[in-house]
Amino acid sequence: MSDSLQAAVDQAQEQLDAHTVEIVRWHFSDDTGCPFWLEKKGELNFDPLTEIKCFADLDKFPDFEDEWLRGGPVRRWVPKGLAHEPVYVFETGGTTGVPKSRIAMEDFRTDYSNFSDTLPDEYFPPGSNWLMLGPSGPRRLRLAVEHLAQHRGGICFCIDLDPRWVIKLIKKGWMDHLEEYKKHCIDQAVTILTAGHDVKCMFGTPKLIEQLCLELENRGTSLAECGITGIFSGGTEFTPQWTKFCVEELFGGPPEESGIYMTPTYGNTLMGLACSEPVTKENKYKITYHAPQPRAVLQVVDFDDTDRVVGYGETGRSKLTTLTKEFFVPGFLERDEGEREPACEQYPWDGISGVRPFSKLAGGTTVGVY
């Protein structure tokens, strides 16, 4: 590691430690705190207000149980210090049982405004309109992409897509229905792209981007001919193999040849959005994500000892900590695994590559549109 990178890593760690103390104090103070955490404080064997002095001290908290996010009352998650703000609620999953939910006020806007700063204006021209080709309904993503478009001076066109219905179709084995529903979604996207709305940028899940490209090809056109120059995508289906196929076969080459730039992302309702290092043919389309520190932290931990971060290049489970004034979640074990990656100049903290469904759960995971 170069001296300049080491200095950046040290500075990022100091910032994270200070931010951690600030957020914990906010959520556990009687005047600003979150009712859920104020109640939990009595069950802890330590005082968060005095004993959390750095990020590593968050290991003092017990494992976060995702069942805590299922069911209500949802206002137990609204901090007293933000009780006067309008509240959104976003849901995850929900194919079976009660979905996990989280409250939000401005976090999704902040996350995507920060993400906007990483997009090259050459391919994501300010003022351009966007297509949102992804899940709608009670999900953060639709409003987040719409904000991203507006933040960059454009207008967002959205489609109707219910991923819960997609997953039910898969589980029931109704593949004909699934194909018709996928066609229904792609038809909506094609209608928007060919209606003269001057859409240049888009979000899409990998499966839907591929299907859209193939459908446009069937109609004698392409994304480039429809005016698309910038794409961001995300999901565990975003693999180096798919990226290579997408760039070289569906787009017609790298950005300098095809005119289309695509950046992968890894995000969810709890974390926000993790950006990737540049993905190129030269690095064999390897995809490495870095969380938006200090607002969220991703660690790659041992499968059995989840307080132990694995070595660089080693495989482990993804462990997420969310640190904003709206939402505090220490050590949430994700349903993903991957390899720990070192810091880089652009993101001077750990990353994760090879993200895929957690192997011990993968057999029971239905990916659906993602």
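Heavy atoms only: backbone and side chains are in, while hydrogens, waters and symmetry mates are out.
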One should read off an interatomic distance between Gln346 CD and Cys275 SG, to the nearest 0.5 angstrom, of 7.5 Å

>> Could you tell me if the side chain of Cys156 sits less than 4.5 Å from the side chain of Arg142, heavy atoms only?
In response: no

Note: Asp336-Arg356 ion pair, threshold 4.0 Å (strictly below): no

Separation between CD (Gln293) and OH (Tyr347), nearest 0.5 Å, reads 12.5 Å

Apart from Phe108 itself, members of its ILVMFWY cluster (side-chain separation under 4.5 Å) are Tyr88, Phe90, Leu143

query: Quick check: are there more than 12 heavy atoms from other residues, nucleotides or ligands sitting under 6.0 Å from CD of Glu217?
result: no

Sorted by chain and number, sequence neighbours left out, side-chain contact (heavy atoms from CB on, under 4.5 Å) with Leu49 holds for Arg25, Phe28, Ser29, Lys41, Asp47

Value for NZ (Lys172) from NE2 (His177), rounded to nearest 0.5 Å, stands at 10.5 Å

One should read off an interatomic distance between Leu16 CG and Phe55 CZ, to the nearest 0.5 angstrom, of 5.5 Å

Exercise. State whether the side chain of Asp30 and the backbone N or O of Leu38 hold a donor-acceptor pair below 3.5 Å, judged by distance alone.
Key: no

Exercise. Please say whether more than 12 non-hydrogen atoms of neighbouring residues, nucleotides or ligands are located less than 6.0 Å from CZ in Arg75.
Key: no

Residues passing the ring pair (Phe, Tyr, Trp, His ring centres under 6.0 Å) test with Phe303, sequence neighbours excluded, are Phe358

Under the 3.5 angstrom rule, does the side chain of Arg102 hit a backbone N or O of Leu69 as a donor-acceptor pair? no

**Item:** Crowding at CG, Asp3 (>12 non-hydrogen neighbours, <6.0 Å)
**Value:** no

In short, side chain to side chain donor-acceptor pair (under 3.5 Å) pairs touching residues 295-311 with sequence neighbours left out are Asp107-Arg295, Asp111-Arg295, Asp302-Arg308, Asp307-Lys319

Worksheet item: Stepwise, does the ring-ring contact (aromatic ring centres under 6.0 Å, His included) test hold for Phe115 with Phe232?
Response: CA-CA 11 Å; Phe115 171 62; Phe232 95 86; 4.9 Å; yes

Cluster overlap Val301 with Leu323, hydrophobic side-chain contacts below 4.5 Å
no

Of Ile186, Leu250, Leu223, the one forming a side chain to side chain contact (heavy atoms under 4.5 Å, CB included) with Leu216 is Leu223

message: So Arg317 and Val300, do their side chains get closer than 4.5 Å, heavy atoms only?
response: no

Sequence neighbours excluded, the answer for side-chain contact (heavy atoms from CB on, under 4.5 Å) partners of Glu248 is Lys244, Lys281, Tyr285

side-chain contact (heavy atoms from CB on, under 4.5 Å) filter on Glu225, not counting sequence neighbours, yields Thr221, Ser222

- Check for a donor-acceptor pair, side chain of His19 on one end and backbone N or O of Thr324 on the other, with a separation under 3.5 Å. no

Q | Gly311 backbone acceptor or donor facing Glu314 side chain under 3.5 Å | A | yes

Name every donor-acceptor pair, under 3.5 Å, that has one atom in a side chain of residues 57-64 and the other anywhere in the protein, sequence neighbours excluded.
{"from": "Asp57", "atom 1": "OD2", "to": "Lys53", "atom 2": "N", "distance (Å)": "2.8"}
{"from": "Asp57", "atom 1": "OD2", "to": "Cys54", "atom 2": "N", "distance (Å)": "3.4"}

Contacts of His147 meeting ring pair (Phe, Tyr, Trp, His ring centres under 6.0 Å) (sequence neighbours excluded), chain-then-number -> His151

By ring pair (Phe, Tyr, Trp, His ring centres under 6.0 Å), Trp242 pairs with (sequence neighbours left out) Phe238

Checklist entry - Under 4.0 Å between a Lys/Arg side-chain N and an Asp/Glu carboxylate O for Arg139 and Glu91? => result no

> Does one hydrophobic cluster hold both Tyr312 and Tyr289, with members joined at side-chain heavy-atom distances below 4.5 Å?
Replying inline: no

Rounding to 0.5 Å, atoms NZ (Lys80) and SG (Cys34) come to a distance of 10.0 Å

So, Glu180 and Lys183, do they make that salt bridge, N to O below 4.0 Å? no

Checklist entry - Hey, are the side chains of Leu298 and Tyr266 touching, using non-hydrogen atoms and a 4.5 Å cut-off? => result yes

Discussion item. Given the ring of Trp37, does Lys40 sit roughly above its face, with NZ or CZ under 6.0 Å from the centre of the six-membered ring and within 45° of the axis?
Written reply: no

Backbone of Gly313 reached by a side-chain donor or acceptor of Arg340 within 3.5 Å
no

Name every donor-acceptor pair, under 3.5 Å, that has one atom in a side chain of residues 190-204 and the other anywhere in the protein, sequence neighbours excluded.
{"from": "Thr191", "atom 1": "OG1", "to": "Asp187", "atom 2": "O", "distance (Å)": "2.8"}
{"from": "Thr194", "atom 1": "OG1", "to": "Val190", "atom 2": "O", "distance (Å)": "2.7"}

Would you say the side-chain atoms of Ser136 pair up with the backbone N or O of Leu161, donor to acceptor, closer than 3.5 Å? yes

### Message
Using side-chain heavy atoms (C-beta onward) and a distance below 4.5 Å, is Pro292 in contact with Leu273?
### Response
no

> Near Asp117 CG, under 6.0 Å, is it more than 12 heavy atoms from other residues, nucleotides or ligands?
Replying inline: yes

Could you tell me whether a side-chain N or O of Thr110 sits under 3.5 Å from a main-chain N or O of Glu106, the two making a donor and an acceptor?
yes

* To do: Report yes if the side chains of Leu82 and Thr32 come closer than 4.5 Å at any heavy-atom pair, otherwise no.
  => no

- Residues Lys182 and Glu179 bridged, charged N to O under 4.0 Å: yes

Query raised in the report: Trp349, Leu320: one ILVMFWY side-chain cluster at the under-4.5 Å cut-off?
Result: no

Check your understanding: Could you walk me through whether Thr315 and Glu337 pass the side-chain hydrogen bond (donor to acceptor under 3.5 Å, both in side chains) check?
Key -> CA-CA 7 Å; Thr315 301; Glu337 63 180 49; over 6 Å; no

Discussion item. Between Glu339 and Lys286, does any side-chain N to carboxylate O distance fall below 4.0 Å?
Written reply: no

Review point. Angle class for the His184/Tyr181 ring planes (parallel below 30°, perpendicular above 60°, tilted otherwise)?
Key: tilted

- prompt: Counting N and O atoms only, with roles assigned by atom type, does the side chain of Thr321 sit under 3.5 Å from a partner on the main chain of Pro330, one being a donor and the other an acceptor?
  reply: no

So CD of Glu51 and CG of Asn45: to nearest 0.5 Å the spacing works out to 8.0 Å

Flag the pair Trp130 / Phe157 as yes when their ring centroid distance falls below 6.0 Å, and as no otherwise. no

Phe36 meets the ring pair (Phe, Tyr, Trp, His ring centres under 6.0 Å) criterion, sequence neighbours left out, with Trp68, Trp77

4.5 Å side-chain heavy-atom contact, Pro99 and Arg164
yes

Is the number of heavy atoms from other residues, nucleotides or ligands within 6.0 Å of CD (Glu39) greater than 12?
-> no

Quiz item: Do Val310 and Ile352 sit in the same hydrophobic cluster, where Ile, Leu, Val, Met, Phe, Trp and Tyr count as joined when their side-chain heavy atoms come under 4.5 Å apart?
Solution: yes

Those residues at least two apart in sequence (or on a different chain) that pass side-chain contact (heavy atoms from CB on, under 4.5 Å) with Val74 are Val89, Ser101, Ile103

Next item on the list: Show the numbers, then the answer: is there a side-chain hydrogen bond (donor to acceptor under 3.5 Å, both in side chains) between Glu341 and Ser353?
Entry: CA-CA 7 Å; Glu341 298 290 342; Ser353 67; 2.6 Å; yes

Is there a path of hydrophobic side-chain contacts, each under 4.5 Å between heavy atoms of I, L, V, M, F, W or Y residues, that connects Val21 with Trp26? no

